[in-house]
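Beneath this line is the structure, given in structure tokens, with notes to follow.
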Protein chains: 2
Amino acid sequence: MSGFRPGDPFLADCPARLAVDLIADKWTVVVLYGLSEGPVRHGELIGLIGGISRKVLTQTLRRLEAHGLVRRHARAEAPRRVEYELTPLGATLIDPIHTLTEWARANGDAVLDALDAAPEPVAHGD
Amino acid sequence: MSGFRPGDPFLADCPARLAVDLIADKWTVVVLYGLSEGPVRHGELIGLIGGISRKVLTQTLRRLEAHGLVRRHARAEAPRRVEYELTPLGATLIDPIHTLTEWARANGDAVLDALDAAPEPVAHGD
DNA sequence: CCGAATCCAAATCGATACTG
DNA sequence: CAGTATCGATTTGGATTCGG
């Protein structure tokens, strides 16, 4: 997408859309981040992330699994153990995510300041 | 977030969450991309993006405006003209987004292949 | 410990029609 | 041309409960 022209909707065939559809929800990026340093168990992710329910975590992991970004590994032990880890493909997504979080760390305050400066439901009904 | 320890939920204070909350919806990234090459009018964005309704585009732009990423410029002319452009802060988000879309371009096929290889509603109910 | 099922609340999106 | 209002369909997330 190194350049588009007006009149060309860069809709379905644009790679951006694929990436967005993959990560544009409340938890996907955080889950991937949680897996970025090695295999983690389901329950550990729950505690690590904080605020996510088991159901939603499972849903998120299932989707990532179906997309080939995460691998599930169930160990047959006494207390059931299920670990999740990034696939090689999934690991390649860590860099872009890292770039994004770096941006947030550098510019987060500026965004919050802007939010603070314009709390009114900005109406341009002029 | 150069390293977290289990037991530390990296929840609210993690910069990743701010970035995700900003862009984790269906249109924000695409809209920012549409503005990445200069000021664009409301109607142009509609045609450029394709598939977005005026209402949702307006909502998206309002939120970006409130967050200080987009500036609105209403010209007083015969046919009404309203242009939107990235603020300097908003422009800094283009790089991370570009990194993400580059990933999609490079790995999109692999993701689609994985999706294709596992179309069953992968149930691990053992 | 892990995850599926059910039920429910809330946010999101889209189509349409109306205003200046 | 730009924006708002309203309504309804769909999606999403959360709480709880049940089962292996």
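Keep in mind that what you see is a predicted model, and the values were worked out from it rather than measured. Here is how names work: the chains are called A, B, and so on, in the same order as the sequence lines, proteins then strands, and each is numbered from 1.
- One atom, CG of A:D25, and another, P of C:dA11, lie 17 Å apart when rounded to the nearest Å.
- A:I52 has its CD1 atom 14 Å from the C1' atom of C:dG3, to the nearest Å.
- Side chain of A:H42, nearest nucleotide from C:dG3, D:dA2, C:dC13: C:dG3.
- Environment of CG in A:D109: sparse, with no more than 12 heavy atoms of neighbouring residues, nucleotides or ligands closer than 6.0 Å.
- Residue A:V82 places its side chain closer to C:dC2 than to any other of D:dA2, C:dC13, C:dC2.
- Here C:dC13 presents its P atom at 9 Å from CH2 of B:W27, a figure rounded to the nearest Å.
- With contacts defined as side-chain heavy-atom distances shorter than 4.5 Å, the pair A:W103/B:T99 does not qualify.
- Residue B:R62 has a polar side-chain atom (N or O) positioned under 4.0 Å from OP1 or OP2 of D:dG3.
- The shortest distance between the side-chain N/O atoms of B:Y84 and the OP1/OP2 oxygens of D:dC1 is not below 4.0 Å.
- The interatomic distance linking A:L57 (CG) with C:dA4 (C1') rounds to 14 Å, in whole Å.
- Atom NE2 in B:H73 sits roughly 13 Å away from atom P in D:dG3 (whole-Å rounding).
- Summarising the geometry, the separation between CZ on B:R75 and P on D:dG3 is reported as 15 Å, rounded to the nearest angstrom.
- The phosphate of D:dC1 has neither OP1 nor OP2 within less than 4.0 Å of any side-chain N or O from B:R54.
- The heavy-atom pair separating B:R71 from B:T87 by the smallest distance is N-CG2, 3.8 Å.
- The nucleotide whose nearest atom lies closest to any side-chain atom of A:R41 is, among D:dG3, C:dC1, D:dG13, C:dC1.
- Summarising the geometry, the separation between CD on A:Q59 and P on D:dA15 is reported as 14 Å, rounded to the nearest angstrom.
- Here B:R81 does not reach the OP1 or OP2 of D:dA2: none of its side-chain N or O atoms lies under 4.0 Å away.
- If you find the closest nucleotide of DNA chain D to B:L61 and to A:K26, the one lying nearer the 5' end belongs to B:L61.
- With sequence neighbours left out, the side-chain contact (heavy atoms from CB on, under 4.5 Å) criterion links A:T28 to A:I23, A:D25, A:L32, A:T60, A:R63, A:L64.
- Atoms CD1 (B:I46) and C1' (C:dC13) sit 13 Å apart, rounded to a whole Å.
- You'll find that the side chain of B:T58 is closest to D:dG3, out of D:dC1, D:dG3, D:dG13.
- Checking D:dG20, D:dG3, C:dC13 against every side-chain atom of B:R80, the shortest atom distance belongs to D:dG3.
- Comparing B:P79 and A:T60 by the nucleotide of DNA chain D that holds the closest heavy atom to each, the one mapping nearer the 5' end is B:P79.
- Using a 4.5 Å cut-off on side-chain heavy atoms (C-beta onward), A:L86 and A:V70 make contact.
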